[in-house]
Amino acid sequence: MPELPEVEMVKNVTAPQIRGRRIEKVALERRDVIAHPAPDDFVELVTGRAVTGMGRRGKFLRFFLDDGAEMVLHLRMTGRLLVVPPEFPAEKHTRAVFSLSGRLQLRFADLRRFGRFWLLQKGEKDCTGMDKLGPEPFDAGLTSVWLKERLGASRRAVKTCLLDQRVVAGIGNIYGDEILFAARIRPTRAASSLSRPEWERLTRAIREVMRFHVEQIDVSAEEFLRGRGTEYRNTPLLKVYGRDGDPCPVCGATLQRAVVGGRSSVFCPRCQKRRETKVPSLRQGAAEKMKDVR
DNA sequence: CCAACCCCCTGAACGC
DNA sequence: TGCGTTCAGGGGGTTG
């Protein structure tokens, strides 16, 4: 479920608690929580190693180990990570428990069981999919020129493009809607139909919306634990996601819902126009079939 | 290359 | 109350 801001927060809460600690024991409640290598090998390779630090790439969490290996975790929809003392009551849906030095446990719980761990040994070729990710929203290389270059010829809906992790890493369905609202672009618009100013608004919105939410989701370890690893949903801050039928916070028009690329999308029909208001640069033959629907 | 569909799972919310 | 349906914020795979 979590997207970039939530994963970043999980990393920020978890890293200081486990940094420097040694993994003394690994208990897998479900073996299929390990994607790579074979579960027994994973346990053997991880046991005895110390965690030197954590990182994030897109929605992937990274745990750097003292032998140069890297443990990777993707929370997918419902994964939760908790750092607790061993006597702390067990969570429902616990899938893996890492016993750490200093009487602490790193626990992974995951209702829907989509979450996965990988272990990459030092120098091992990536098999997590991280290597296919596009730039982070805050990368200097993510410019409107680059985005237009990358997507300008695509007829896919711009919302679909935003959710494509190979384009930009870390955006999911929630922030996809929020970004498009901030950029005043309708999710259904074909990427190829965006104007220069729209590419610029979109690029700015990607950075600013993600930055805003990363800053807002600043939760302490105590708060996080109180919420059992789910207390990062800052719904009050979301302007359109999940607010289908509510008035637009900017203009008051009724927010609408549409399905784009199979994902539910909410937008403001007035702020996010179906097409550019300015004269769209006419390109020969490209968008021929679009008859002009009013 | 791309849309559409299926799959992986479980539980909450909703309609009857 | 009970039961069936639909939906959920992730991603990978196949098909046409």
Side-chain angles (χ1 to χ4, degrees), chain A residues 1-10 29-36 56-61 72-81 91-96 108-118 126-134 137 149-181 187-193 209-210 213-214 216-217 227-245 257-267 286-287 289:
Chain A
M1 62 214 281
E3 304 181 30
L4 185 151
E6 291 83 5
V7 177
E8 177 73 14
M9 190 275 280
V10 171
E29 313 290 324
R30 309 229 19 149
R31 293 167 64 80
D32 59 6
V33 76
I34 308 301
H36 173 87
R56 178 193 60 73
R57 178 74 174 96
K59 302 171 194 168
F60 289 89
L61 278 168
V72 179
L73 169 63
H74 199 302
L75 302 171
R76 296 285 170 88
M77 302 276 271
T78 53
R80 296 181 292 141
L81 209 48
E91 284 293 294
K92 215 172 173 181
H93 313 300
T94 296
R95 309 303 180 198
F108 177 67
D110 184 18
L111 186 154
R112 283 170 78 178
R113 292 204 267 130
F114 292 164
R116 288 291 181 278
F117 282 94
W118 294 259
D126 186 276
C127 61
T128 65
M130 270 195 299
D131 58 339
K132 298 187 183 72
L133 294 177
E149 179 77 11
R150 173 80 172 76
L151 299 173
S154 172
R155 288 197 232 175
R156 306 167 84 193
V158 61
K159 167 83 181 279
T160 307
C161 297
L162 274 187
L163 296 188
D164 186 340
Q165 301 298 299
R166 295 168 303 182
V167 176
V168 183
I171 301 171
N173 204 33
I174 294 178
Y175 297 112
D177 278 3
E178 297 296 308
I179 288 166
L180 288 166
F181 177 72
T188 47
R189 290 273 303 281
S192 57
S193 76
V209 168
M210 292 315 242
H213 287 279
V214 165
Q216 291 301 314
I217 306 190
R228 296 290 185 280
T230 56
E231 206 63 1
Y232 47 57
R233 196 87 92 266
N234 44 350
T235 30
L237 300 171
L238 300 176
K239 296 204 160 79
V240 290
Y241 175 80
R243 302 193 186 280
D244 161 38
R257 178 181 178 273
V259 174
V260 182
R263 314 298 299 280
S264 131
S265 306
V266 181
F267 61 92
K289 54 183 283 192

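Chain A is the first sequence line, chain B the second, and so forth, proteins listed ahead of strands; every chain is numbered from 1.
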How far, in whole Å, is B/dC6 from C/dT6 if one measures between their P atoms?
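Straight-line distance between the two P atoms is 13 Å.
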
Using distance alone, with no hydrogens and no angle criterion, decide if A/R189 and A/S193 have a side-chain donor and acceptor under 3.5 Å apart.
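Yes.
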
Could you run through nucleotides 6-12 of chain B and give me one letter per nucleotide, 5' to 3': B if any protein heavy atom sits under 4.0 Å from the base, S if only the sugar-phosphate is that close, - if neither?
--BBBS-

Rounded interatomic separation in angstrom, taking [atom1] from [X] and [atom2] from [N]:
{"X": "A/N173", "N": "C/dA8", "atom1": "CG", "atom2": "P", "answer": "8 Å"}
{"X": "A/R263", "N": "C/dG10", "atom1": "CZ", "atom2": "C1'", "answer": "7 Å"}
{"X": "A/L73", "N": "C/dG10", "atom1": "CG", "atom2": "P", "answer": "15 Å"}
{"X": "A/R156", "N": "B/dA4", "atom1": "CZ", "atom2": "C1'", "answer": "13 Å"}
{"X": "A/D177", "N": "C/dG10", "atom1": "CG", "atom2": "P", "answer": "11 Å"}
{"X": "A/R155", "N": "B/dC1", "atom1": "CZ", "atom2": "C1'", "answer": "11 Å"}
{"X": "A/L61", "N": "C/dG11", "atom1": "CG", "atom2": "P", "answer": "12 Å"}
{"X": "A/L163", "N": "C/dG10", "atom1": "CG", "atom2": "P", "answer": "7 Å"}

Both distances under 3.5 Å, Watson-Crick or G-U wobble: on that basis, could you give the dot-bracket string for DNA chain B, with [ ] for crossing pairs and | for other-strand partners?
.|||||||.|||||||

Checking contacts here: which listed nucleotide (B/dC2, C/dG10, C/dA8) is nearest the side-chain heavy atoms of A/E3?
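Nearest listed nucleotide: C/dG10.
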
Calculate, to the nearest 0.5 Å, the distance between atoms [atom1] and [atom2] belonging to [X] and [Y] respectively.
{"X": "A/D32", "Y": "A/R113", "atom1": "CG", "atom2": "CZ", "answer": "5.5 Å"}
{"X": "A/S265", "Y": "A/F181", "atom1": "OG", "atom2": "CZ", "answer": "14.5 Å"}
{"X": "A/F114", "Y": "A/L75", "atom1": "CZ", "atom2": "CG", "answer": "13.5 Å"}

So, OP1 or OP2 of [N]: does either fall under 4.0 Å of a side-chain N or O from [X]?
{"X": "A/T160", "N": "B/dA3", "answer": "no"}
{"X": "A/S264", "N": "C/dA8", "answer": "yes"}
{"X": "A/H74", "N": "C/dG11", "answer": "yes"}
{"X": "A/Q165", "N": "C/dG10", "answer": "no"}

I'd like to know if the side chain of [X] reaches the main chain of [Y], judged simply by a donor and an acceptor atom lying under 3.5 Å from each other, with no hydrogens or angles considered.
{"X": "A/R95", "Y": "A/L111", "result": "yes"}
{"X": "A/E3", "Y": "A/G172", "result": "yes"}
{"X": "A/D110", "Y": "A/G115", "result": "yes"}

Is it true that atom CD of A/E149 has more than 12 heavy atoms of other residues, nucleotides or ligands lying nearer than 6.0 Å?
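Not more than 12 within 6.0 Å, no.
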
Please examine the side chains of A/R166 and A/V168, heavy atoms only from C-beta on, and report whether any two atoms are closer than 4.5 Å.
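They are not in side-chain contact.
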
